[in-house]
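Here, residue 1 is the first one in the sequence, and each next residue gets the next number. All figures in this text were calculated on a predicted structure; none of them were measured in a lab.
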Amino acid sequence: MADFCNFLSDRRRIETLSVRIGDIFIGSGYPVRVQSMCNTDTNDTEACVKQAMEIADAGGELVRFTAQGIKEAENLKNIKEKLLAAGCTVPLVADIHFNPEAALTAAKYVDKIRINPGNFVDKRAVFQHIEYTDKEYSEELSRLRKKFESLLSVCKRHNTALRIGVNHGSLSDRIMSRYGNTPAGMVESAMEFLRICRDNEFYNVVISMKSSNVRVMVHAYRLLSATMRNERMKYPLHLGVTEAGNGEDGRVKSAVGIGALLTDGLGDTIRVSLTEHPANEIPVGRTLCDHFSKVPDQIEHKVEEKYYSPFEYKKRETLQNGIIGGDHPPIVITSGKNRNMEIMPDMFYDDTANNWLFMNLSELNSGTIDILRNDPQKIIVLETSHSNGTGEQRAFFLKLGEYGLKNPVIIKRQYSETDIEKLQIKASADIGILFLDGYGDGLWIENTINGAVEEEDIVSLSYSILQAARVRTSRTEYIACPGCGRTLFDLEGTLSEVKRRTSHLSGIKIAVMGCIVNGPGEMADADYGYVGAGSGKVTLYKNKEIIKKNIPETKAIDELLEFINKDK
């Protein structure tokens, strides 16, 4: 993998196979496709048809339904027939967990099957370490192969595509016992299935590596791409941050993760998972795709592994100047009237104090290098007007590494947006990757259209980007799935109420999950969890541990708050 990081630059699309799904193709030779998933009961044909058409009308190019059992899988036939009768030809995808037989049924009717390798054959994870001998592990793989090959056979007969959809929250105990709950474990979970696909000459496959932890998600996709490259595979990638939440949180978190990978040239289809109406996901995905649709000028630079690793987080070492750099978390600067600085003492912005050096990559020359070496605490404000601003700023940090410079750096970006949502998506996609890769001691976003976006909204956006990149926690973080046909309570309303009553609790993570498919796994990344357990019933978690089962939905939020308050 030594040369792999040189492929992760400049938005050059990494070559992948073309996979046919219904009447469309996914792969590097085609536009990045935008898709969503219905949250209706798959047994309710009329509701599913209505919502699928709403997604398609919004610009969605694929629509997914959960098929948790044979009954739901069979009804996909009726849903497809109704959609075709209404003139809607959007390809349909069946989402399968824990039930290989449902996959075999659904594969006869839909255009693509999504399986979760963590629970397709393996039992539901109980998060216990299990020691496997090599022989026992091999026997488990043989069992997996037999069941999976029966699905591939049906998919071949019906020209049905397949997505191998790995979720960080639902890896099997078998994988975690050998590889850990890590990006490496996620990648191996997918590769086990991909090797079987290759052995069976089945290439109509798309892969995903989803997590609610953006850093884990980005590292997993990069590692998967490198691993496939080493094994001469070129399957297209489906990108997404799972359980991203709603509002600004969901948009920023999704754009940071998906945008980082699109910047790297990875990704052939995307799904933005919002705890909102599924059609709301499509404009966010479209904005991301449009933002990356033009191939900008290239930035010539060689990436050396000693300065950068795409598979792990390592903060760039800097010298501290007051509250900037060193071990201090990244600060936020806002331009406002009279150059008021958010969270910064006035003394730090004084043009006569020579504390600051405003510059871009082209200005990193022998003269400025000498200035920075002679004053290693001088703060760099890194600007860009390049068409590939992210590539230019990343190249700047790599150059600093080459020259051994440890000056703190404020990342500054300018936009001209009239819409706050567009600013949220574009800024998150451009900037998040730099913080994910360990760069930046501060963030400064400007919107040049005076008054078009409120300054307080820009400040909020800045903190959201830093939190999504996991470099600064300044507020409560919510991990919330978008819901699907398995969800048996008002997920969107519940999330809004939980946020209303807990938003003052900075520094903790609360998960609101529709069901147990990913719920317990994502509890590992959350301090507290609210997980649907059945019709009108909720189970509460602390980390991965159940603290109370089957609480009536009407009492669950109150009891969640009681547990949180006890732990203060």
Exercise. Should the ring pair Tyr137 and Tyr132 be called parallel, tilted or perpendicular, given that the plane angle runs from 0 to 90° and is split at 30 and 60?
Worked result: perpendicular
- Residues, nucleotides or ligands: over 12 heavy atoms within 6.0 Å of Lys156 NZ: yes
Shortest non-hydrogen pair, Leu92 vs Ile79, comes out as CD1-CG2, 4.3 Å
In terms of heavy-atom contacts, Ala556 and Leu540 come closest through O-CD1, 4.0 Å
NZ or CZ of Arg215 within 45° of Tyr313 ring axis and under 6.0 Å
yes
Would you call the rings of Phe120 and Phe193 parallel, tilted or perpendicular if under 30° counts as parallel and over 60° as perpendicular? perpendicular
Problem set entry | Check: Val93 and Val63 side chains under 4.5 Å, non-hydrogen atoms | no
- Query: Does the gap between the ring centers of Tyr530 and Phe489 come in under 6.0 Å?
  - Reply: yes
Query raised in the report: Hey, is the main chain of Cys481 close enough, under 3.5 Å, to the side chain of Thr275 for a donor-acceptor pair?
Result: yes
Atom CG of Asp567 with >12 non-hydrogen neighbours under 6.0 angstrom: yes
### Task
Given salt bridge (Lys or Arg N to Asp or Glu O under 4.0 Å), test Glu101 with Lys147 step by step and report yes or no.
CA-CA 10 Å; Glu101 299 306 317; Lys147 183 66 72 172; 3.4 Å; yes
Review point. For Lys537, does the NZ atom sit with more than 12 other heavy atoms under 6.0 Å from it, leaving out its own atoms?
Key: yes
task: Examine the side chains of Arg475 and Ser464 and answer whether a donor and an acceptor come within less than 3.5 Å of each other.
output: yes
Original post:
So does Lys499 have more than 12 non-hydrogen atoms from other groups sitting under 6.0 Å from NZ?
Top reply: yes
Asn159 and Asn204 have their tightest heavy-atom pair at O-ND2, 4.5 Å
Shortest non-hydrogen pair, Gln68 vs Gly485, comes out as NE2-O, 3.8 Å
Leu151 side chain near Ile115 side chain, heavy-atom distance below 4.5 Å: yes
